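Just so it is clear, the model here is predicted, and its values are computed rather than measured. Side-chain atoms are counted along with the backbone in the values below, which use heavy atoms only and exclude waters and symmetry mates. Along the sequence shown, the residues carry numbers beginning at 1.
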Amino acid sequence: MKNQITNAISDFFFEYETPRQVLVRNRRVGVVCRIIQLGVLAYIIGWVFIYEKGYQSTDIAVGSVFTKMKGVGYSSMNGTERIWDVADYVFPSQGDASFVVMTNYIITEGQKMGKCPELHGKHNCSSSADCEGGSFKRTGHGQMTGECVNETKTCQVLAWCPVEDDLVIPDPPMLMSAENYTLFIKNSVTFPLFGVSRSNLVEGIDAGYISKCLYHPESAPLCPIFRLGDIVKQSGFNFETIATVGGAIGIVVDWTCNFDVAVTHCKPKYTFHGLYGNPAETDKARASVGYNFRYAKHYMEDKIQKRTLLKVFGIRFDIIVQSLARKFDIIPTLTAIGSGVGIFGVATVVCDLVLLYLLPKRAFYKNMKFKYTDTHTQK
């Protein structure tokens, strides 16, 4: 018994087992095997290493975006001329990565709290019985008093009077001058895994360059100053169309970097995408068109609180930073090689299936591949 245990331990530690191999001369099987192996090799080299860059580790950046608008707009309505600067036409205050530039508006001046007739079409009436006092209409401007105004044939409401009339949108837009506004984007990113920080103000972009450059995809692809008209055009929109009723545009700052080369080669690429307001949308039955919102400027006049209400139509800009950095790493390299070697085994499995189950001489190949023994007691 002791000798058996000793022999078993000795066999376990000092013997090496290797699988038995059978060389089969068969052209069809050989061709199938080589085709599969070449396909696996092409997959490993072409897809895993060249396209997917399986020999590199990856990291996604954390970053921040600052924006600044510049430009002065001019509008004239009913003989009243106005000059608009960045404090008037950018919402919210400057600096955000998502903001709205006003391009059109409907203004209602001198509103004060009181009772006045509702806008025609909001709640028409033929008598006071049609106006339920104390009730509201979702699309109305205030609370109904229960009276019908004979002159307008609409219900009287308690609201900011006179009520806003937004049935007619100015066309062409009031601020076509917005086409020449400029947008400055400052973006910084950090790749924590590689300890690399970059800014879109890359090498060669200094104060002197910024003061005179304007972004162009070919002649000035790294300039961080953009003309709004150019942004709209490159997003696929028509400026006058989107400026009339508003819309949304995405500005993508793409950092795709390879740190196997010098860090200075890591530079941003800007692309522009129309998100909402595409003139190709020809469905006239759309429930909501464009982008707009309201804001009010309150003031006191003769101890009476009043306000100026603006319905703002504008272009919403969303600046999106996307990033992916790569660098050589031995661990993903070995992992990719190991998985590739394992996939090579597919050729052996397929060829064994062909030999053992499909070829006419499958019984002969089975006898050559497997060795059968009867169960007996070793003497």
- Message: Is it the case that atom CD in Glu132 sees more than 12 heavy atoms from other parts of the structure closer than 6.0 Å?
- Response: no
- Message: Going by side chain to side chain donor-acceptor pair (under 3.5 Å), Asn258 matches just one of Gln56, Arg326, His265. Which one?
- Response: Gln56
- Nearest heavy-atom approach of Ser177 to Gly73 is OG-CA, 3.3 Å
- Message: With a 4.5 Å cut-off on side-chain heavy atoms, are Thr182 and Leu228 touching?
- Response: no
- Task: Step by step, work out the side-chain contact (heavy atoms from CB on, under 4.5 Å) result for Val252 and Tyr270.
- Result: CA-CA 6 Å; Val252 176; Tyr270 304 98; over 6 Å; no
- For atom NE2 of His120, is the number of surrounding heavy atoms from other residues, nucleotides or ligands below 6.0 Å larger than 12? no
- Message: To the nearest 0.5 Å, what is the distance between CD1 on Ile106 and CD1 on Ile169?
- Response: 6.0 Å
- Side-chain touch Val321/Trp255, heavy atoms, less than 4.5 angstrom: yes
- 4.5 Å side-chain heavy-atom contact, Ile330 and Tyr55: no
- Query: Would you call Glu164 and Arg307 a salt bridge, taking side-chain N to carboxylate O under 4.0 Å as the test?
  - Reply: no
- Task: Would you give the length of the straight line joining atom CD of Glu118 to atom CD of Gln156, rounded to the nearest 0.5 angstrom?
- Result: 11.0 Å
- Do side-chain atoms of Asp59 reach the backbone of Leu193 as a donor and acceptor pair under 3.5 angstrom? yes
- Item | Partner of Tyr181 by ring pair (Phe, Tyr, Trp, His ring centres under 6.0 Å), out of Phe239, Phe317, Tyr89, Phe99 | Tyr89
- Message: Are the side chains of Thr244 and Pro172 in contact, using a 4.5 Å heavy-atom criterion?
- Response: no
- Note on the structure: Rounding to 0.5 Å, atoms CG (Leu183) and NZ (Lys68) come to a distance of 11.5 Å
- Task: Examine Trp47 and Phe49 and state if one hydrophobic cluster contains both, with Ile, Leu, Val, Met, Phe, Trp and Tyr joined whenever side-chain heavy atoms are less than 4.5 Å apart.
- Result: yes
- Correct closest heavy-atom pair for Leu309 and Ala296 would be CD1-CB, 4.3 Å
- Item | Ser235 side chain vs Val232 backbone, donor-acceptor pair below 3.5 Å | yes
- Message: Determine whether the interatomic SG-SG distance for Cys351 and Cys33 falls below 2.5 angstrom.
- Response: no
- Query: If you measure from SG on Cys161 to CE on Met113, what distance do you get to the nearest 0.5 Å?
  - Reply: 8.0 Å
- Query: Which is it for Arg227 and Asn180 under the side-chain contact (heavy atoms from CB on, under 4.5 Å) test, yes or no, and what are the steps along the way?
  - Reply: CA-CA 6 Å; Arg227 178 175 172 270; Asn180 294 314; 3.0 Å; yes
- Task: Measure the acute angle between the ring planes of Phe293 and Tyr295, then classify it against the limits of 30° and 60° as parallel, tilted or perpendicular.
- Result: tilted
- Between Val48 and Leu41, is there a shared hydrophobic cluster once you connect ILVMFWY residues whose side-chain heavy atoms come closer than 4.5 Å? yes
- Go through Asn292 and Tyr105 one step at a time and tell me if the side-chain hydrogen bond (donor to acceptor under 3.5 Å, both in side chains) criterion holds. CA-CA 9 Å; Asn292 63 79; Tyr105 65 89; over 6 Å; no
- Task: Spell out, with a plain yes or no, whether Cys223 and Cys213 have SG atoms under 2.5 Å apart.
- Result: yes
- For residues Met69 and Val101, determine if any side-chain heavy atom of one lies less than 4.5 Å from a side-chain heavy atom of the other. yes
- Item | Candidate list Lys297, Arg82, Lys306, test salt bridge (charged side-chain N to carboxylate O under 4.0 Å, His left out), partner Glu109, passing option | Arg82
- Message: Could you check whether the SG atoms of Cys148 and Cys125 sit less than 2.5 Å apart, since that is the cutoff I want to apply?
- Response: yes
- Message: Could you tell me if the side chain of Leu222 sits less than 4.5 Å from the side chain of Ile205, heavy atoms only?
- Response: yes
- Using a strict cut-off of less than 4.0 Å between a Lys/Arg side-chain nitrogen and an Asp/Glu carboxylate oxygen, indicate whether Asp329 and Lys327 qualify as a salt bridge. no
- Item | Non-hydrogen side-chain atoms of Phe191 and Ser323 separated by less than 4.5 Å | yes
- Note on the structure: Heavy atoms of Glu147 and Cys131 approach each other most closely as O-SG, 3.6 Å
- Backbone N/O of Ser188 and side chain of Asn200: donor-acceptor pair under 3.5 Å: no
- Item | Single-linkage hydrophobic cluster, 4.5 Å side-chain cutoff, Val202 and Ile210 together | yes
- Query: Are any non-hydrogen side-chain atoms of Leu167 and Leu119 less than 4.5 angstrom apart?
  - Reply: yes
- Query: Mind checking whether Ile337 and Tyr43 sit in one hydrophobic cluster, side chains of I, L, V, M, F, W, Y counted as touching below 4.5 Å?
  - Reply: yes
- Decide yes or no on side-chain hydrogen bond (donor to acceptor under 3.5 Å, both in side chains) for Asp318 and Ser98, but give the supporting numbers first. CA-CA 4 Å; Asp318 293 303; Ser98 181; 2.5 Å; yes
- Query: Got a donor-acceptor contact below 3.5 angstrom from the Thr103 side chain to the Phe313 backbone?
  - Reply: yes
- Query: In terms of ring plane angle, is the pair Phe226 and Phe272 parallel, tilted or perpendicular, where the classes change at 30° and 60°?
  - Reply: perpendicular
- Message: Membership question, hydrophobic clusters at under 4.5 Å side-chain separation (ILVMFWY): are Val349 and Ile35 in the same one?
- Response: no
- Message: I need the Phe66 CZ to Asn187 CG distance, nearest 0.5 Å.
- Response: 9.5 Å
- side-chain contact (heavy atoms from CB on, under 4.5 Å) between Val65 and Thr67: does it pass, once the steps are laid out? CA-CA 7 Å; Val65 175; Thr67 59; 4.1 Å; yes
- Item | Heavy atoms from other residues, nucleotides or ligands near CD1 of Ile83 exceed 12 (cutoff 6.0 Å) | yes
- Message: Donor-acceptor pair, distance only, cut-off 3.5 Å: does the side chain of Asp302 make one with the backbone of Ile304?
- Response: no
- If you take all heavy atoms of Trp84 and Ser75, which pair is closest and at what distance? NE1-OG, 2.8 Å
- Gly110 and Pro162: which non-hydrogen atoms are nearest, and at how many Å? O-CD, 4.2 Å
- Query: Between Arg316 and Ile249, is there a donor-acceptor pair closer than 3.5 Å when you use the side chain of the first and the backbone of the second?
  - Reply: no
- Task: Indicate the atoms forming the closest heavy-atom contact of Ala178 with Met102, along with that distance.
- Result: CB-O, 4.4 Å
- Less than 4.0 Å between a side-chain N and a carboxylate O, is that true for Glu179 and Lys233? no
- Message: Let me confirm one number: the CG-NZ distance from Asp260 to Lys53, rounded to the nearest 0.5 Å.
- Response: 10.0 Å
- Task: Kindly say whether Pro192 contributes a backbone atom to a donor-acceptor pair with the side chain of Thr190 at under 3.5 angstrom?
- Result: no
- Query: Below 4.0 angstrom, N of the basic side chain to O of the carboxylate: do Asp254 and Lys267 qualify?
  - Reply: no
- Query: Do His141 and Lys122 pass the side-chain contact (heavy atoms from CB on, under 4.5 Å) test, and can you show the C-alpha distance, the side-chain angles, and the key distance before you say yes or no?
  - Reply: CA-CA 8 Å; His141 290 92; Lys122 294 293 184 180; 4.0 Å; yes
